2 protein chains.
Amino acid sequence: MQYAPDTATPEPAPEARSLRGRSAAFVAERIRERILSGQLPPGERLSERSLTEGLGVTRTPLREAFKILEAEGLLAIVPNRGAQVVELSPADVDMAMELLAGLESVAAELACARGTDEQFAKVAGLHARMVACQRAGDLVGYFRVNQDIHQHIVDCAHNPALSRVYRTESARVRLYRFAGNRVSARWSRAVSEHEQILLALQQRQGPLLRELLRAHHLNGWRVTRKVLENELQPDL
Amino acid sequence: MQYAPDTATPEPAPEARSLRGRSAAFVAERIRERILSGQLPPGERLSERSLTEGLGVTRTPLREAFKILEAEGLLAIVPNRGAQVVELSPADVDMAMELLAGLESVAAELACARGTDEQFAKVAGLHARMVACQRAGDLVGYFRVNQDIHQHIVDCAHNPALSRVYRTESARVRLYRFAGNRVSARWSRAVSEHEQILLALQQRQGPLLRELLRAHHLNGWRVTRKVLENELQPDL
DNA sequence: GCGACACATATTGCATGCAATCAGCGGCGG
DNA sequence: CCGCCGCTGATTGCATGCAATATGTGTCGC
């Protein structure tokens with residue numbers, strides 16, 4: 001017969017035991033998810049109390065997580081006034097988009113030079129899924145797969161530093177870009193642009209791919225900016 | 001006659017009073033300086049005890065600073081084993097240099113399109129200082145001004161996000177690049193390359209500037225890599 | 001009625017204390 | 001002699017407590 005240990009095991013959570021030394025990273029990941037999903041909107045003030053209660057950790061690792069997210073550009077910490085989700089002006093997003101376009105254009109030539117056919121096939125598979133999402137009218141799925149495709153193209157460059165920077169900088173503006181995808185007229189054109197991009201990638205035409213990505217970014221961002229500036233109403 | 005305030009001001013340190021809410025950032029800056037100067041070499045383990053004693057803060061803000069520096073890629077925190085200065089393999093530096101070259105090439109065209117003549121004049125001034133350092137045999141000064149020049153060219157693009165990423169990623173590999181500058185034969189060629197770069201910038205020849213920067217990076221990194229791989233002995 | 005001040009409460013920043021883990025070392029068995 | 005085990009001191013991870021600052025509210029003067 002088996003006996004339970006004398007001391008009633010508190011067992012706060014199944015993963016909590018192994019969380020030692022990782023709780024700040026764990027908490028940061030949770031908060032990052034909430035920011036990127038829009039659950040914590042830009043400008044939202046983050047109370048230490050409610051977050052510690054919600055996440056089951058104390059203030060020390062939470063505050064460490066704040067510092068991580070601040071370094072990533074997702075939070076702004078104001079002394080004595082706590083942390084809040086960074087709010088980006090249209091100009092900020094503009095600069096970020098320019099940076100992302102630049103990173104992709106750098107990645108384009110590297111990807112054509114070094115990407116494997118298997119990686120390209122994976123991008124093609126994602127493209128098919130994206131088209132399926134479009135047909136199903138699944139905006140959220142479409143957007144997510146779209147982001148995945150761009151990240152995968154960058155990953156094809158086989159440069160971890162480039163992939164990391166692209167991922168981080170892309171995350172900073174994810175919410176803002178999402179707005180632009182809420183215009184149905186953009187969808188079909190974006191898909192056809194993606195088809196050209198995929199073709200250029202598979203045929204390893206670096207300079208062409210670079211230009212296609214640049215144009216794709218420009219087109220997408222033009223629409224998004226209009227939405228952000230309330231000049232165009234989303235119809236989805 | 002002037003009287004001192006009744007309450008004897010404790011005044012633990014001139015900056016300590018205003019340090020509340022900023023001590024983690026302050027500590028991070030100090031440690032960053034030590035890493036970038038080589039005072040804390042790659043692989044060095046950072047003891048919380050000695051750093052708290054040396055910096056006059058307690059462990060809580062120090063550990064927050066560790067998280068910031070980890071997010072910047074300067075430290076690696078191993079659970080239960082503390083923080084150590086990141087060690088980059090030649091491959092890591094290779095990837096980072098490719099990224100930096102890409103960022104500069106993106107910045108090049110933007111700088112030619114948007115940089116002000118005043119900014120270009122400042123770059124020219126830095127170039128003159130660099131030449132002076134070269135003539136004086138001031139390796140450290142030369143290297144620092146050299147880095148400044150590249151950062152300023154990137155800043156000419158008037159894209160804060162681009163400047164920030166370039167600065168951070170450049171810092172990560174600063175120590176490793178320094179090794180390559182310890183070969184005297186590289187100096188004169190680097191200076192002449194810089195002169196061409198400056199000219200292209202002032203004449204706003206974007207595509208040319210992009211190619212010059214790419215070639216400059218490639219040349220510099222080729223020498224540096226040889227030094228790092230011990231195929232070439234520094235002669236300075 | 002309106003604004004300014006003062007007090008009370010809440011929240012943040014940091015110091016400290018305790019538990020868990022690691023590193024070094026000596027004893028023991030093989 | 002070598003390797004394994006357990007012990008001890010040191011170090012890290014996190015919880016908590018205290019001081020400083022911000023925030024909300026009521027009161028007073030105008």
Side-chain angles (χ1 to χ4, degrees), chain A residues 5-31 35 40 43-71 74-86, chain B residues 5 7-31 40 43-71 74-86:
Chain A
D6 300 49
T7 61
T9 37
E11 202 86 37
E15 75 274 20
R17 178 165 295 268
S18 67
L19 217 57
R20 180 179 170 104
R22 268 169 276 266
S23 57
F26 171 79
V27 169
E29 176 60 26
R30 283 293 160 84
I31 298 175
I35 294 173
L40 288 171
E44 180 92 348
R45 190 163 159 198
L46 276 61
S47 144
E48 293 184 0
R49 171 182 286 265
S50 63
L51 281 171
T52 52
E53 288 172 357
L55 294 168
V57 295
T58 54
R59 292 175 56 215
T60 306
L62 175 66
R63 288 174 57 82
E64 289 175 0
F66 281 177
K67 297 293 184 188
I68 296 171
L69 295 168
E70 184 183 35
L74 292 176
L75 289 186
I77 299 180
V78 184
N80 293 321
R81 292 190 53 190
Q84 53 189 88
V85 181
V86 162
Chain B
T7 60
T9 37
E11 205 86 37
E15 76 276 23
R17 178 169 292 269
S18 67
L19 216 57
R20 178 175 172 109
R22 270 170 277 265
S23 57
F26 171 80
V27 169
E29 177 59 27
R30 283 294 154 83
I31 298 175
L40 288 171
E44 180 90 349
R45 190 162 159 201
L46 276 61
S47 145
E48 292 184 1
R49 169 183 285 265
S50 64
L51 282 171
T52 51
E53 288 171 358
L55 294 168
V57 295
T58 53
R59 293 175 55 218
T60 306
L62 175 65
R63 289 174 55 81
E64 289 175 359
F66 280 179
K67 297 293 183 188
I68 295 171
L69 295 168
E70 184 184 35
L74 292 176
L75 290 186
I77 299 179
V78 185
N80 294 319
R81 292 190 54 190
Q84 53 188 85
V85 181
V86 162

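None of the values given here were measured: they were computed from a predicted structure.
- Taking only side-chain nitrogens and oxygens, B:S47 never comes nearer than 4.0 Å to OP1 or OP2 of D:dT11.
- Computed from coordinates, the B:E64 CD to D:dT12 P distance equals 16 Å when rounded to whole Å.
- At a threshold of 4.5 Å between non-hydrogen side-chain atoms, the residues A:L62 and A:I31 count as touching.
- A heavy-atom distance below 4.5 Å is not found between the side chains of B:L74 and B:V86.
- Look at B:R49 and you'll find a side-chain N or O under 4.0 angstrom from OP1 or OP2 of D:dT11.
- Computed from coordinates, the A:L55 CG to D:dC14 P distance equals 14 Å when rounded to whole Å.
- Atom CD of B:E48 and atom C1' of D:dG13 are 8 Å apart (whole Å).
- Here the P atom of nucleotide D:dT12 and the NZ atom of B:K67 are 13 Å apart, to the nearest Å.
- Distance alone, capped at 3.5 Å, is enough to place a donor-acceptor pair between the A:R45 side chain and the A:R81 backbone.
- With rounding to whole Å, A:R81 atom CZ is found 8 Å from D:dA22 atom C1'.
- No donor-acceptor distance shorter than 3.5 angstrom exists from the side chain of B:R20 to the backbone of A:N80, with no hydrogens or angles considered.
- As a whole-Å value, the separation of B:I68 CD1 from C:dG13 P is 12 Å.
- Atom P of nucleotide D:dG17 and atom CZ of A:R63 are separated by 17 Å, given to the nearest angstrom.
- The side chain of B:N80 lies closest to C:dT21, out of D:dT23, C:dT21, C:dT16.
- Among the atoms of the strands shown, none is found under 4.0 Å from any heavy atom of A:L62.
- A:T60 has no side-chain polar atom (N or O) that falls below the 4.0 Å cut-off from OP1 or OP2 of D:dT16.
- We find that CD1 of B:I77 is positioned 17 Å from C1' of C:dC22, with the value rounded to whole Å.
- Taking side-chain N and O atoms only, A:R59 has no distance below 4.0 Å to OP1 or OP2 of D:dG17.
- Of all nucleotides listed (D:dT12, D:dT21, C:dT11), C:dT11 comes nearest to the side chain of A:R45.
- A:L51 has its side chain within reach of A:F66: a pair of non-hydrogen atoms, C-beta onward, lies under 4.5 Å apart.
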